[in-house]
Protein chains: 2
Amino acid sequence: MTPLTPARPPGRPRSGINDVVFAATLSTVRELGYARATVERIAAAAGIAKTTIYRRWPTKGALIVDCLLDAFGPVPLEGGSRAEIVSSAVRWTAGKIGEPGVGDAFAGVFSDGVSDPELREILSSRLQDPYRLALQEALGEPEHRVLFLIDVVVGTLLHRMGMTGEPMVDGDVDALVEMVLPLFHREPDSP
Amino acid sequence: MTPLTPARPPGRPRSGINDVVFAATLSTVRELGYARATVERIAAAAGIAKTTIYRRWPTKGALIVDCLLDAFGPVPLEGGSRAEIVSSAVRWTAGKIGEPGVGDAFAGVFSDGVSDPELREILSSRLQDPYRLALQEALGEPEHRVLFLIDVVVGTLLHRMGMTGEPMVDGDVDALVEMVLPLFHREPDSP
DNA sequence: TGGTTTCGGAACCTAAGGTAGCGCAATTCG
DNA sequence: CGAATTGCGCTACCTTAGGTTCCGAAACCA
């Protein structure tokens, strides 16, 4: 029998530094901004060597995406009605992007992806697709309508963050929720 | 009398290469993407020296912003009703961002601004403010509501462009127009 | 003890934004 | 015409940052 999880691969095991690196990444981005948060500075803040980071993540973009995945976690979709699901998802997104360092890191890695197709693929498949699929499932909506919702919500929040350097205030998040709710007022599967 | 426009300052006059540089910028961005459209390559495509570009624009970001201002031109606001004004402005924005090279350059310079406060100031004051003021005037709306509209429209279009590499298709632009129109259905000055 | 993998560290490569200085060209002013 | 002034092309250079290479040492397994 070949065990599904071999007890442990040979060689020195990896030390549990992912959490330390993620924390160091966010705090460095928060203090210095995305561009000045170099891999070398992040490694120094985490107390490890730069080569150790490149042994685990192929590029800076991949590191940021994993850091964002860790910071976001799963989207809460416990609302009863579709309106409640959309509303809570939008507010959750705004809250996460408003957390210190998260919005900067998100906007920065998104920016890098503009002219880097490989990073764009990582962003799309690892970061956007899981949330898109969860929303499609919860709302019973086709892919292109959920993609449109994500474009509107994330695009608006990142544009505000990018132009002002500050997250969107609660009053405008309320307006954003009210604006997107009519997109999903019609029940898609009702007889 | 001191003439308002002195005939000509002493010294060798600047050659009229701005248009050539703008064209070279857009075509280089279109062919290579934003990050690989280096100032050196843009200068080569324009047939001039890199130092000549830096003699006229202090940074690459300032060059891109001027190039975008040239590409966009004034926003058409001839619509009769507020709904027509908003609708035409949104479609005009989507069309411009969809032009070859323009969307890439816009998304790229916006991305750079995320971690560059000076560039963000240039973007805000030179690119966003003129259009914001024209819209405030045409719609009779306060600053924060027009800023919200710009965040939604530009943010959504850039997010689509950044995630897919392609401009938004007409059907989704229609949905974007329908989504933002209710924001301005109430007349602000009616008795 | 030997095999295997990881870590830290230093040196290095490349690309790109941006600068400095020189010689020359074009134009205005006296 | 000549002098001063300004723009252009060119070369070389500086700095930062992403990413790689290589080596010795550490940690784990058999």
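In the text below, chain A, chain B and the rest are named by the order of the sequence lines, each starting its count at 1. Note that the structure is predicted; figures quoted are calculated from it, not measured.
Side-chain atoms of Lys50(A) and base atoms of dG19(D) include a donor and an acceptor less than 3.5 Å apart.
The distance between atom CD1 of Ile53(B) and atom P of dA16(C), rounded to the nearest whole Å, is 14 Å. What separates CZ of Arg41(A) from C1' of dG18(D) is a distance of 13 Å, to the nearest Å. Regarding Asn18(A), its CG atom lies at a distance of 14 Å from the C1' atom of dC7(C), rounded to whole Å. In this entry the distance linking CD1 of Ile42(A) with C1' of dA17(D) reads 12 Å, nearest Å. The distance between atom CG of Asp112(A) and atom C1' of dG18(D), rounded to the nearest whole Å, is 11 Å. Look at OH on Tyr54(A): it is 18 Å from P on dA10(C), rounded to the nearest Å. Between the C1' atom of dT16(D) and the CG atom of Asp116(B) lies a distance of 14 Å, rounded to the nearest Å. Atoms CD1 (Ile48(A)) and P (dC7(C)) sit 8 Å apart, rounded to a whole Å.
Take the nearest nucleotide of DNA chain C for Thr52(A) and for Glu40(A): the residue whose nucleotide is more 5' is Thr52(A). Between Lys60(A) and Ile17(B), the residue anchored closer to the 5' end of DNA chain D is Ile17(B), taking for each the nucleotide with the nearest heavy atom. Remark on DNA chain C: of its neighbouring residues Gly47(A) and Gly11(B), the 5'-side contact belongs to Gly47(A), judged by nearest-heavy-atom nucleotide.
The closest donor-acceptor contact from the side chain of Lys60(A) to the backbone of Ala37(A) lies under 3.5 Å. Panel note: side chain Arg160(B), backbone Pro167(B); no donor-acceptor pair is recorded below 3.5 Å.
Which of dA17(D), dC7(C), dC28(D) sits closest to the side chain of Arg12(A) comes down to dC7(C). The listed nucleotides are dC8(D), dG8(C), dA27(D); the one nearest the side chain of Arg55(A) is dG8(C). Checked against dG7(D), dG18(C), dC7(C), the side chain of Arg56(B) finds its nearest nucleotide in dG7(D).
For the helix from dT1(C)-dA30(D) to dG30(C)-dC1(D), the axis fitted to the five pairs at one end and the axis fitted to the five pairs at the other end meet at an angle of 10° (nearest 10 degrees).
Taking the six-membered ring where tryptophan is involved, the planes of Phe72(B) and Trp92(B) are perpendicular, since the angle between them exceeds 60° and thus also 30°.
Counting any heavy atom pair closer than 4.0 Å across all strands shown, Thr51(A) reaches a base atom.
When all heavy atoms of Gly80(A) and Ile85(A) are compared, the closest pair comes out as O-CD1, 4.4 Å. The two residues Ser125(B) and Pro130(B) come nearest to each other via the heavy atoms O-CD, 3.5 Å. Here the shortest heavy-atom pairing between Leu147(A) and Gln128(A) reads CD2-NE2, 3.4 Å.
The side chain of Arg14(B) contributes no N or O atom lying less than 4.0 Å from OP1 or OP2 of dA26(C).
Counting heavy atoms from C-beta on, the side chains of Val109(B) and Tyr34(B) come closer than 4.5 Å.
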